[in-house]
S.K.: 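Okay, handing you the structure first.
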Amino acid sequence: MTSTLPLTLPEFAERAAEVLPDGVLRYFAGAAGDEITLADNVVAWQRLALRQRVLVDVSKRDLSVEILGVRRPHPVIMAPMAWQTLANPGGEIAAAQGIGAAGGIYTMSCWASQHADDVAAQAADTTRWMHIHIFPDRDITQRLVDRAVRGGFEALVLTADQPVAGRRDRSMRAQFARPGSPNLADLAPGSLEPAQTWEDVAELVTSSPLPVIVKGLLEPGDAELAIQAGAAGIVVSNHGARQLDTVLSTASALPAVVEQVAGRVDVLVDGGIRRGSDIVKALALGADAVLIGRPLLWGLAVGGADGVRHSVELYLKELDIALAVLGVTSAAELEPSIVLPAPWSA
Ligand SMILES: Cc1cc2nc3c(=O)[nH]c(=O)nc-3n(C[C@H](O)[C@H](O)[C@H](O)COP(=O)(O)O)c2cc1C
Ligand SMILES: CCCCC(=O)C(=O)O
(Lines give C-alpha, C1' and ligand atoms only; values in the text may rest on other atoms or scores of the structure.)
(Ligands and ions follow the chains in the order given, each with its own letter.)
Protein backbone atom coordinates (compact mmCIF):
# COMPACT_ATOMS: atom_id res chain seq x y z
CA MET A 1 0.00 0.00 0.00
CA THR A 2 1.38 3.38 -0.86
CA SER A 3 0.00 6.47 0.76
CA THR A 4 0.86 10.05 0.04
CA LEU A 5 3.92 11.24 1.91
CA PRO A 6 3.56 14.27 4.19
CA LEU A 7 3.98 17.75 2.74
CA THR A 8 5.75 19.24 5.74
CA LEU A 9 8.35 18.16 8.28
CA PRO A 10 6.02 18.52 11.31
CA GLU A 11 3.51 16.32 9.49
CA PHE A 12 6.16 13.58 9.27
CA ALA A 13 6.57 13.74 13.06
CA GLU A 14 2.80 13.52 13.55
CA ARG A 15 2.44 10.57 11.19
CA ALA A 16 5.36 8.76 12.83
CA ALA A 17 3.68 9.15 16.23
CA GLU A 18 0.63 7.44 14.76
CA VAL A 19 2.44 4.51 13.20
CA LEU A 20 5.09 3.72 15.84
CA PRO A 21 4.29 1.52 18.85
CA ASP A 22 4.19 3.56 22.05
CA GLY A 23 7.34 2.04 23.57
CA VAL A 24 9.42 2.65 20.46
CA LEU A 25 8.15 6.19 20.16
CA ARG A 26 9.15 6.89 23.74
CA TYR A 27 12.63 5.52 23.14
CA PHE A 28 13.10 7.52 19.93
CA ALA A 29 11.49 10.78 21.00
CA GLY A 30 12.52 10.80 24.64
CA ALA A 31 15.58 12.29 26.29
CA ALA A 32 17.18 12.61 29.71
CA GLY A 33 15.42 13.75 32.86
CA ASP A 34 12.80 16.47 32.54
CA GLU A 35 13.71 17.03 28.87
CA ILE A 36 14.54 20.71 29.40
CA THR A 37 17.48 20.49 27.00
CA LEU A 38 15.43 18.44 24.55
CA ALA A 39 12.99 21.34 24.25
CA ASP A 40 15.72 23.98 24.23
CA ASN A 41 17.63 22.22 21.44
CA VAL A 42 14.67 23.19 19.22
CA VAL A 43 13.86 26.53 20.81
CA ALA A 44 17.48 27.78 20.73
CA TRP A 45 17.36 27.84 16.91
CA GLN A 46 13.97 29.54 17.07
CA ARG A 47 15.41 32.22 19.37
CA LEU A 48 17.56 33.40 16.48
CA ALA A 49 16.09 35.79 13.93
CA LEU A 50 17.28 36.12 10.35
CA ARG A 51 18.18 39.32 8.54
CA GLN A 52 16.93 39.40 4.98
CA ARG A 53 18.32 41.44 2.12
CA VAL A 54 16.21 42.05 -0.96
CA LEU A 55 16.66 42.63 -4.67
CA VAL A 56 19.74 40.48 -4.88
CA ASP A 57 19.96 38.26 -7.98
CA VAL A 58 19.26 34.85 -6.46
CA SER A 59 18.41 33.09 -9.72
CA LYS A 60 21.34 30.71 -9.15
CA ARG A 61 21.59 29.19 -5.68
CA ASP A 62 24.21 26.76 -4.48
CA LEU A 63 23.50 24.50 -1.50
CA SER A 64 26.85 22.75 -1.70
CA VAL A 65 29.37 22.75 1.13
CA GLU A 66 32.75 21.15 1.75
CA ILE A 67 32.79 18.31 4.27
CA LEU A 68 36.13 16.68 5.15
CA GLY A 69 37.61 18.37 2.13
CA VAL A 70 35.04 16.97 -0.29
CA ARG A 71 32.42 19.11 -2.04
CA ARG A 72 28.99 17.73 -1.20
CA PRO A 73 25.68 18.72 -2.83
CA HIS A 74 24.31 20.01 0.49
CA PRO A 75 25.04 20.02 4.23
CA VAL A 76 22.63 17.31 5.45
CA ILE A 77 24.01 14.20 7.21
CA MET A 78 21.93 11.54 8.97
CA ALA A 79 22.96 11.28 12.63
CA PRO A 80 23.88 7.85 14.01
CA MET A 81 20.82 6.30 15.60
CA ALA A 82 20.58 2.82 17.04
CA TRP A 83 18.21 -0.01 16.02
CA GLN A 84 16.53 1.39 12.94
CA THR A 85 14.47 -1.73 12.22
CA LEU A 86 12.37 -0.49 15.15
CA ALA A 87 11.29 2.35 12.87
CA ASN A 88 10.80 0.32 9.73
CA PRO A 89 11.60 -3.26 8.69
CA GLY A 90 13.88 -1.81 6.02
CA GLY A 91 16.09 -0.58 8.86
CA GLU A 92 19.54 0.86 8.31
CA ILE A 93 19.67 -0.29 4.69
CA ALA A 94 16.51 1.64 3.82
CA ALA A 95 17.69 4.69 5.74
CA ALA A 96 21.06 4.66 4.01
CA GLN A 97 19.45 4.22 0.60
CA GLY A 98 17.00 7.03 1.31
CA ILE A 99 19.49 9.63 2.40
CA GLY A 100 21.86 8.58 -0.39
CA ALA A 101 19.08 9.14 -2.94
CA ALA A 102 18.81 12.68 -1.59
CA GLY A 103 22.57 13.25 -1.83
CA GLY A 104 23.22 13.15 1.92
CA ILE A 105 25.71 11.23 4.05
CA TYR A 106 24.57 8.27 6.16
CA THR A 107 26.13 7.67 9.57
CA MET A 108 25.55 4.08 10.66
CA SER A 109 25.26 3.56 14.42
CA CYS A 110 27.39 0.68 15.65
CA TRP A 111 24.23 -0.39 17.53
CA ALA A 112 22.64 -1.01 14.16
CA SER A 113 19.99 -3.66 13.79
CA GLN A 114 21.56 -4.73 10.50
CA HIS A 115 25.14 -5.67 9.80
CA ALA A 116 27.54 -3.06 8.40
CA ASP A 117 28.57 -5.42 5.60
CA ASP A 118 24.94 -5.63 4.45
CA VAL A 119 24.46 -1.88 4.64
CA ALA A 120 27.69 -1.45 2.66
CA ALA A 121 26.54 -3.91 0.01
CA GLN A 122 22.99 -2.65 -0.34
CA ALA A 123 23.64 1.06 -0.02
CA ALA A 124 26.92 1.01 -1.91
CA ASP A 125 26.14 4.29 -3.69
CA THR A 126 25.55 6.22 -0.48
CA THR A 127 28.45 8.04 1.14
CA ARG A 128 28.60 6.34 4.53
CA TRP A 129 30.30 7.09 7.83
CA MET A 130 30.65 4.53 10.62
CA HIS A 131 29.81 5.41 14.20
CA ILE A 132 31.95 3.74 16.86
CA HIS A 133 32.76 3.81 20.54
CA ILE A 134 35.94 3.27 22.46
CA PHE A 135 34.81 -0.04 23.96
CA PRO A 136 36.21 -1.53 27.20
CA ASP A 137 37.64 -4.20 24.93
CA ARG A 138 39.66 -2.11 22.47
CA ASP A 139 39.74 -5.07 20.13
CA ILE A 140 36.03 -4.57 19.44
CA THR A 141 36.68 -0.97 18.45
CA GLN A 142 39.48 -2.12 16.17
CA ARG A 143 37.31 -4.73 14.51
CA LEU A 144 34.60 -2.13 13.83
CA VAL A 145 37.24 0.09 12.27
CA ASP A 146 38.41 -2.79 10.07
CA ARG A 147 34.82 -3.41 9.06
CA ALA A 148 34.33 0.24 8.20
CA VAL A 149 37.41 0.19 5.98
CA ARG A 150 36.33 -3.05 4.32
CA GLY A 151 32.81 -1.68 3.69
CA GLY A 152 33.93 1.56 2.12
CA PHE A 153 32.77 3.77 4.98
CA GLU A 154 34.62 7.06 4.58
CA ALA A 155 34.98 8.33 8.15
CA LEU A 156 34.63 7.23 11.76
CA VAL A 157 32.25 9.09 14.05
CA LEU A 158 33.36 8.51 17.63
CA THR A 159 30.82 9.11 20.38
CA ALA A 160 32.55 11.05 23.14
CA ASP A 161 29.61 11.90 25.38
CA GLN A 162 28.58 8.47 26.54
CA PRO A 163 30.89 7.21 29.29
CA VAL A 164 27.71 5.73 30.72
CA ALA A 165 24.16 5.64 29.37
CA GLY A 166 21.96 8.61 30.22
CA ARG A 167 18.89 8.15 32.38
CA ARG A 168 15.84 8.70 30.24
CA ASP A 169 12.70 8.93 32.26
CA ARG A 170 10.33 8.82 29.30
CA SER A 171 11.68 5.58 27.93
CA MET A 172 12.45 3.89 31.24
CA ARG A 173 9.15 2.05 31.35
CA ALA A 174 8.85 1.73 27.60
CA GLN A 175 7.91 -1.79 26.62
CA PHE A 176 9.62 -2.96 23.47
CA ALA A 177 12.03 -5.64 22.52
CA ARG A 178 15.36 -4.32 21.33
CA PRO A 179 16.18 -5.95 18.03
CA GLY A 180 19.71 -6.61 19.23
CA SER A 181 22.72 -5.39 17.36
CA PRO A 182 23.66 -7.87 14.65
CA ASN A 183 26.43 -5.47 13.89
CA LEU A 184 27.97 -6.24 17.28
CA ALA A 185 26.67 -9.78 17.65
CA ASP A 186 29.66 -11.44 16.05
CA LEU A 187 31.91 -9.51 18.39
CA ALA A 188 32.07 -9.82 22.16
CA PRO A 189 29.20 -7.95 23.83
CA GLY A 190 30.11 -4.29 23.69
CA SER A 191 29.33 -2.22 26.73
CA LEU A 192 30.20 1.41 27.36
CA GLU A 193 33.63 2.46 28.62
CA PRO A 194 33.66 4.97 31.49
CA ALA A 195 37.48 5.01 31.50
CA GLN A 196 37.88 6.37 27.97
CA THR A 197 40.02 9.50 27.61
CA TRP A 198 41.59 11.73 24.96
CA GLU A 199 44.57 9.35 24.89
CA ASP A 200 42.28 6.70 23.44
CA VAL A 201 41.13 9.17 20.79
CA ALA A 202 44.74 9.96 19.87
CA GLU A 203 45.51 6.25 19.61
CA LEU A 204 42.49 5.68 17.44
CA VAL A 205 43.49 8.54 15.14
CA THR A 206 47.01 7.11 14.83
CA SER A 207 45.85 3.60 14.04
CA SER A 208 42.87 4.43 11.84
CA PRO A 209 43.21 4.78 8.09
CA LEU A 210 39.95 6.77 8.14
CA PRO A 211 39.45 10.32 9.41
CA VAL A 212 37.99 10.48 12.92
CA ILE A 213 35.16 12.85 13.81
CA VAL A 214 34.59 13.30 17.55
CA LYS A 215 30.86 13.58 18.32
CA GLY A 216 29.36 15.03 21.46
CA LEU A 217 31.27 18.15 22.45
CA LEU A 218 29.82 21.35 23.90
CA GLU A 219 32.90 23.10 25.30
CA PRO A 220 35.62 25.02 23.41
CA GLY A 221 38.25 23.37 25.62
CA ASP A 222 37.13 19.95 24.46
CA ALA A 223 37.19 21.08 20.84
CA GLU A 224 40.82 22.08 21.39
CA LEU A 225 41.64 18.67 22.88
CA ALA A 226 39.93 16.97 19.93
CA ILE A 227 42.14 18.91 17.54
CA GLN A 228 45.24 18.03 19.57
CA ALA A 229 44.20 14.37 19.47
CA GLY A 230 44.14 14.62 15.68
CA ALA A 231 40.42 14.64 14.96
CA ALA A 232 39.44 15.64 11.43
CA GLY A 233 36.20 17.12 12.67
CA ILE A 234 33.93 17.50 15.64
CA VAL A 235 30.19 17.38 16.18
CA VAL A 236 28.80 19.93 18.61
CA SER A 237 26.12 17.71 20.11
CA ASN A 238 24.43 16.80 23.36
CA HIS A 239 23.32 13.43 21.98
CA GLY A 240 19.85 14.75 21.24
CA ALA A 241 19.59 15.73 24.95
CA ARG A 242 19.59 12.01 25.80
CA GLN A 243 22.63 11.96 28.07
CA LEU A 244 22.11 14.66 30.72
CA ASP A 245 19.31 17.15 31.11
CA THR A 246 20.07 20.90 31.39
CA VAL A 247 23.37 20.75 29.54
CA LEU A 248 23.59 23.55 26.98
CA SER A 249 21.49 23.35 23.86
CA THR A 250 23.65 23.01 20.78
CA ALA A 251 22.73 26.31 19.11
CA SER A 252 23.84 27.98 22.34
CA ALA A 253 27.11 26.03 22.51
CA LEU A 254 28.09 26.33 18.85
CA PRO A 255 29.48 29.90 18.56
CA ALA A 256 32.17 29.55 21.23
CA VAL A 257 33.31 26.22 19.79
CA VAL A 258 33.50 27.68 16.29
CA GLU A 259 35.59 30.56 17.62
CA GLN A 260 38.00 28.18 19.35
CA VAL A 261 38.36 25.90 16.33
CA ALA A 262 39.00 28.86 14.01
CA GLY A 263 38.69 26.80 10.85
CA ARG A 264 41.33 24.20 11.78
CA VAL A 265 38.94 21.22 11.48
CA ASP A 266 35.35 20.75 10.35
CA VAL A 267 32.69 21.73 12.85
CA LEU A 268 29.38 19.91 12.54
CA VAL A 269 26.37 20.35 14.78
CA ASP A 270 23.22 18.42 15.66
CA GLY A 271 20.23 18.73 17.96
CA GLY A 272 16.83 20.26 17.35
CA ILE A 273 17.35 21.11 13.68
CA ARG A 274 13.77 20.95 12.51
CA ARG A 275 13.60 23.41 9.59
CA GLY A 276 15.65 24.47 6.60
CA SER A 277 15.98 27.85 8.31
CA ASP A 278 17.65 26.10 11.27
CA ILE A 279 20.28 24.80 8.83
CA VAL A 280 20.78 28.38 7.62
CA LYS A 281 21.38 29.47 11.21
CA ALA A 282 23.80 26.60 11.94
CA LEU A 283 25.87 27.39 8.86
CA ALA A 284 25.75 31.12 9.57
CA LEU A 285 27.09 30.47 13.07
CA GLY A 286 30.03 28.65 11.51
CA ALA A 287 29.05 25.00 11.20
CA ASP A 288 30.27 23.29 8.04
CA ALA A 289 27.33 20.86 7.94
CA VAL A 290 24.53 19.50 10.12
CA LEU A 291 23.45 16.13 11.40
CA ILE A 292 19.76 15.45 11.68
CA GLY A 293 18.43 12.81 14.05
CA ARG A 294 14.82 12.14 14.99
CA PRO A 295 13.15 13.82 11.99
CA LEU A 296 14.83 11.32 9.68
CA LEU A 297 13.69 8.45 11.90
CA TRP A 298 10.18 9.82 11.42
CA GLY A 299 10.79 9.74 7.69
CA LEU A 300 11.94 6.13 7.95
CA ALA A 301 8.95 5.14 10.08
CA VAL A 302 6.43 6.76 7.77
CA GLY A 303 7.84 5.80 4.39
CA GLY A 304 11.00 3.68 4.56
CA ALA A 305 13.75 4.75 2.17
CA ASP A 306 11.33 7.00 0.31
CA GLY A 307 10.29 8.66 3.54
CA VAL A 308 13.89 9.45 4.45
CA ARG A 309 14.58 10.80 0.97
CA HIS A 310 11.44 12.91 1.04
CA SER A 311 12.19 14.30 4.53
CA VAL A 312 15.68 15.34 3.45
CA GLU A 313 14.23 16.92 0.32
CA LEU A 314 11.82 18.94 2.45
CA TYR A 315 14.76 20.30 4.46
CA LEU A 316 16.57 21.13 1.22
CA LYS A 317 13.53 22.81 -0.30
CA GLU A 318 13.17 24.96 2.82
CA LEU A 319 16.90 25.71 2.83
CA ASP A 320 16.84 26.75 -0.81
CA ILE A 321 13.82 29.03 -0.36
CA ALA A 322 15.37 30.53 2.76
CA LEU A 323 18.57 31.41 0.90
CA ALA A 324 16.62 33.03 -1.92
CA VAL A 325 14.45 35.11 0.38
CA LEU A 326 17.43 36.13 2.51
CA GLY A 327 19.25 37.32 -0.60
CA VAL A 328 22.03 34.75 -0.28
CA THR A 329 23.21 32.62 -3.20
CA SER A 330 25.54 30.16 -1.48
CA ALA A 331 24.98 28.05 1.63
CA ALA A 332 28.73 27.83 2.17
CA GLU A 333 29.01 31.62 2.29
CA LEU A 334 26.44 32.32 4.99
CA GLU A 335 27.83 34.90 7.43
CA PRO A 336 27.26 35.20 11.20
CA SER A 337 25.84 38.70 10.64
CA ILE A 338 22.72 37.17 9.10
CA VAL A 339 21.50 35.95 12.51
CA LEU A 340 20.68 37.96 15.60
CA PRO A 341 18.95 37.27 18.94
CA ALA A 342 15.25 37.34 18.15
CA PRO A 343 13.16 40.11 19.69
CA TRP A 344 10.48 37.51 20.51
CA SER A 345 12.93 35.67 22.76
CA ALA A 346 13.79 38.63 24.96
C1 LIG B 1 16.72 6.82 18.83
C2 LIG B 1 18.07 7.48 18.87
C3 LIG B 1 19.21 6.70 18.90
C4 LIG B 1 20.47 7.30 18.94
N5 LIG B 1 21.58 6.51 18.90
C6 LIG B 1 22.80 7.10 18.90
C7 LIG B 1 23.98 6.32 18.81
O8 LIG B 1 23.94 5.11 18.67
N9 LIG B 1 25.17 6.97 18.87
C10 LIG B 1 25.25 8.33 18.99
O11 LIG B 1 26.34 8.89 19.04
N12 LIG B 1 24.15 9.10 19.03
C13 LIG B 1 22.94 8.51 19.00
N14 LIG B 1 21.82 9.30 19.03
C15 LIG B 1 21.97 10.78 19.01
C16 LIG B 1 21.97 11.29 17.56
O17 LIG B 1 23.11 10.84 16.85
C18 LIG B 1 21.96 12.82 17.50
O19 LIG B 1 23.05 13.34 18.24
C20 LIG B 1 20.68 13.46 17.99
O21 LIG B 1 19.56 12.63 17.79
C22 LIG B 1 20.48 14.79 17.25
O23 LIG B 1 19.40 15.48 17.74
P24 LIG B 1 17.94 15.51 17.01
O25 LIG B 1 17.35 14.16 17.18
O26 LIG B 1 17.24 16.57 17.80
O27 LIG B 1 18.14 15.90 15.56
C28 LIG B 1 20.57 8.71 18.98
C29 LIG B 1 19.41 9.48 18.95
C30 LIG B 1 18.17 8.89 18.89
C31 LIG B 1 16.94 9.76 18.84
C1 LIG C 1 24.00 2.28 24.29
C2 LIG C 1 23.45 3.41 23.51
C3 LIG C 1 22.53 3.09 22.39
C4 LIG C 1 21.99 4.15 21.53
C5 LIG C 1 22.06 5.56 21.96
O6 LIG C 1 23.11 6.17 21.95
C7 LIG C 1 20.85 6.29 22.31
O8 LIG C 1 19.78 5.67 22.44
O9 LIG C 1 20.93 7.53 22.48
Side-chain angles (χ1 to χ4, degrees), residues 9 12-13 16 20 23-32 35 37-46 76-88 91-92 95 105-113 116 129-136 144 156-168 170-172 174 176 178-181 183-184 189-194 213-218 234-244 247 249-251 253 268-275 278-279 282 287 290-301 311-312 315:
L9 288 162
F12 260 108
L20 287 170
V24 172
L25 183 63
R26 284 196 213 194
Y27 167 64
F28 284 172
E35 303 188 342
T37 299
L38 178 70
D40 203 58
N41 267 353
V42 175
V43 171
W45 299 112
Q46 297 171 341
V76 176
I77 299 164
M78 185 157 177
M81 288 176 288
W83 303 303
Q84 294 178 4
T85 53
L86 288 174
N88 183 284
E92 285 78 10
I105 296 173
Y106 182 70
T107 311
M108 196 195 85
S109 171
C110 69
W111 310 101
S113 42
W129 292 352
M130 171 85 87
H131 155 258
I132 61 165
H133 285 264
I134 304 285
F135 286 105
L144 284 171
L156 302 174
V157 176
L158 174 71
T159 294
D161 60 3
Q162 210 163 33
V164 298
R167 200 167 160 81
R168 299 157 188 179
R170 196 194 317 191
S171 64
M172 220 146 1
F176 68 92
R178 289 199 171 152
S181 303
N183 193 49
L184 291 169
S191 57
L192 299 172
E193 168 60 295
I213 298 169
V214 178
K215 172 175 181 283
L217 311 179
L218 296 168
I234 57 171
V235 186
V236 174
S237 172
N238 51 33
H239 211 108
R242 297 161 74 81
Q243 281 297 94
L244 180 64
V247 297
S249 56
T250 49
L268 315 179
V269 64
D270 74 19
I273 296 173
R274 298 293 175 266
R275 290 290 192 178
D278 297 335
I279 302 177
V290 298
L291 279 67
I292 293 174
R294 296 177 185 83
L296 300 187
L297 274 187
W298 309 149
L300 184 62
S311 306
V312 174
Y315 273 103

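Here the structure is a predicted model, which is why all the values come from computation and not from measurement. Indexing begins at 1, ligand by ligand and atom by atom, following the structure's order.
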S.K.: Taking only heavy atoms of S109 into account, list the atoms of ligand 1 that are under 4.0 Å away from them.
M.R.: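 It comes down to these atoms of ligand 1: 7 (C), 8 (O).
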S.K.: For ligand 1, does S237 get within less than 4.0 Å through its side chain, its backbone, both, or neither, judged by non-hydrogen atoms?
M.R.: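 For S237, the contact with ligand 1 is made by the side chain alone.
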S.K.: Quick check on contacts: which atoms of ligand 1 are under 4.0 angstrom from a heavy atom of T159?
M.R.: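 Under 4.0 Å from T159, ligand 1 has these atoms: 9 (N), 10 (C), 11 (O).
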S.K.: Taking all atoms of both residues into account, what is the closest heavy-atom pair of H239 and S237, and its distance?
M.R.: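 It is N-OG, 2.9 Å.
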S.K.: Do the side chain of R294 and the main chain of G240 share a donor and acceptor less than 3.5 angstrom apart?
M.R.: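 It does hold such a pair.
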S.K.: For the side chain of T107 and the backbone of A79, is there at least one donor-acceptor N/O pair under 3.5 Å apart?
M.R.: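 Here the side-chain-to-backbone pair does not exist.
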S.K.: Nearest non-hydrogen contact with atom 17 (O) of ligand 1 belongs to which option: A87, A31, A160, P80?
M.R.: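 Shortest heavy-atom distance from atom 17 (O) of ligand 1: P80.
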S.K.: Quick check on side chain to side chain donor-acceptor pair (under 3.5 Å): which of N41, D270, T250 does N238 satisfy it with?
M.R.: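 Per the side chain to side chain donor-acceptor pair (under 3.5 Å) rule, the option paired with N238 is N41, out of N41, D270, T250.
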S.K.: Judged by atom type as modelled, is there a donor-acceptor pair below 3.5 Å linking the side chain of W45 to the main-chain atoms of G271?
M.R.: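 Side chain of W45 to backbone of G271, a donor-acceptor pair under 3.5 Å: yes, one is there.
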S.K.: Taking atom CE of M78 and atom CG of L300, what is their separation to the nearest 0.5 Å?
M.R.: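 The CG atom of L300 is 6.0 Å from CE of M78, to the nearest 0.5 Å.
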S.K.: So, does Y315 use its side chain to make a donor-acceptor pair with the main chain of I273 at under 3.5 Å?
M.R.: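 A pair under 3.5 Å: yes.
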S.K.: Taking only heavy atoms of A79, which atoms of ligand 1 are found under 4.0 Å from at least one of them?
M.R.: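 So the atoms of ligand 1 that pass are 16 (C), 17 (O), 18 (C).
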S.K.: So F135 and W111, would you call those rings parallel, tilted or perpendicular, with 30° and 60° as cut-offs?
M.R.: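 Plane angle over 60°, so perpendicular.
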S.K.: Would you mind checking which non-hydrogen protein atom is closest to atom 18 (C) of ligand 1, with the distance to 0.1 Å?
M.R.: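 Going by distance alone, atom 18 (C) of ligand 1 is nearest to D270 OD2, 3.2 Å.
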S.K.: Would you mind finding which of A82, G240, A112, A29 brings a heavy atom closest to atom 5 (N) of ligand 1?
M.R.: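 Looking at heavy atoms only, the winner is A82.
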S.K.: Would you check whether H239 has a nitrogen or oxygen atom less than 3.5 angstrom from a nitrogen or oxygen atom of ligand 1?
M.R.: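 For ligand 1, there is an N or O atom that lies under 3.5 Å from one belonging to H239.
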S.K.: Got the closest protein heavy atom to atom 27 (O) of ligand 1, with its distance?
M.R.: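 The closest heavy atom on the protein side is G293 N, 2.9 Å.
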S.K.: Taking T159 for the side chain and D161 for the main chain, is one N or O donor matched with an acceptor at less than 3.5 Å?
M.R.: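 Checked: no pair found.
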S.K.: Side chain to side chain donor-acceptor pair (under 3.5 Å) with W83: which of S113, S181, S109?
M.R.: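 By the side chain to side chain donor-acceptor pair (under 3.5 Å) criterion, W83 pairs with just one of S113, S181, S109: S181.
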S.K.: Provide, to 0.1 Å, the distance between atom 12 (N) of ligand 1 and the closest protein heavy atom, together with that atom's residue and name.
M.R.: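 Scanning the protein heavy atoms, the shortest distance from atom 12 (N) of ligand 1 goes to K215 NZ, 3.0 Å.
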S.K.: Taking the side chain from H131 and the backbone from V157, do they hold a donor-acceptor pair closer than 3.5 Å?
M.R.: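 It does not hold such a pair.
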S.K.: Check whether Q243 reaches the backbone of V164 with its side chain - one donor and one acceptor, N or O, closer than 3.5 Å.
M.R.: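 Present.
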S.K.: Within this structure, what is the CD1-CD1 distance for the pair I132 and I213, rounded to the nearest 0.5 Å?
M.R.: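 The CD1 atom of I132 sits 11.0 Å away from the CD1 atom of I213.
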S.K.: Please work out whether any backbone atom (N, CA, C, O) or any side-chain heavy atom from C-beta onward of H131 is under 4.0 Å from ligand 1, and answer side chain, backbone, both or neither.
M.R.: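 Answer for H131: side chain.
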S.K.: If only atom types and distance count, is the side chain of N183 paired as donor or acceptor with the main-chain N or O of A112 below 3.5 Å?
M.R.: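 It does not hold such a pair.
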S.K.: Is a side-chain N or O of R168 found less than 3.5 angstrom from the main chain of R242, in a donor-acceptor match?
M.R.: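 Yes, because the side chain of R168 sits within donor-acceptor range (under 3.5 Å) of the backbone of R242.
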S.K.: Which atoms of ligand 1 have any heavy atom of G272 under 4.0 Å away?
M.R.: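 Result: 24 (P), 26 (O), 27 (O).
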S.K.: Pairwise, report which nitrogen or oxygen atoms of ligand 2 are under 3.5 angstrom from protein nitrogen or oxygen atoms, and how far apart they are.
M.R.:
from, atom 1, to, atom 2, distance (Å)
ligand 2, 6 (O), Q162, NE2, 3.3
ligand 2, 6 (O), H239, NE2, 2.8
ligand 2, 8 (O), Y27, OH, 2.6
ligand 2, 8 (O), R168, NH1, 2.8
ligand 2, 8 (O), R242, NH2, 2.9
ligand 2, 9 (O), R168, NH1, 3.3
ligand 2, 9 (O), R168, NH2, 3.0
ligand 2, 9 (O), H239, NE2, 3.0
ligand 2, 9 (O), R242, NE, 2.8

S.K.: Could you tell me if any non-hydrogen atom of R274 lies under 4.0 Å from any atom of ligand 1?
M.R.: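 The answer is yes, since R274 has a heavy atom less than 4.0 Å from ligand 1.
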S.K.: Looking at ligand 1, would Y27 count as a contact under a 4.0 Å heavy-atom criterion?
M.R.: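 A heavy atom of Y27 does come that close to ligand 1.
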S.K.: Tell me: protein heavy atom nearest atom 23 (O) of ligand 1, and distance?
M.R.: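 Its nearest protein heavy-atom neighbour is G271 CA, 3.4 Å.
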S.K.: Show the atoms of ligand 1 that are less than 4.0 angstrom away from any heavy atom in F28.
M.R.: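 Heavy-atom distances to F28 below 4.0 Å select 1 (C), 31 (C).
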S.K.: Considering only non-hydrogen protein atoms, determine which one is nearest to atom 4 (C) of ligand 1 and report residue, atom name and distance to 0.1 Å.
M.R.: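 Atom 4 (C) of ligand 1 sits closest to the protein heavy atom M81 CA, 3.5 Å.
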S.K.: Where the closest heavy atom to atom 30 (C) of ligand 1 is concerned, which of R294, M108, M78, R242 has it?
M.R.: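 Result: the heavy atom closest to atom 30 (C) of ligand 1 is in R242.
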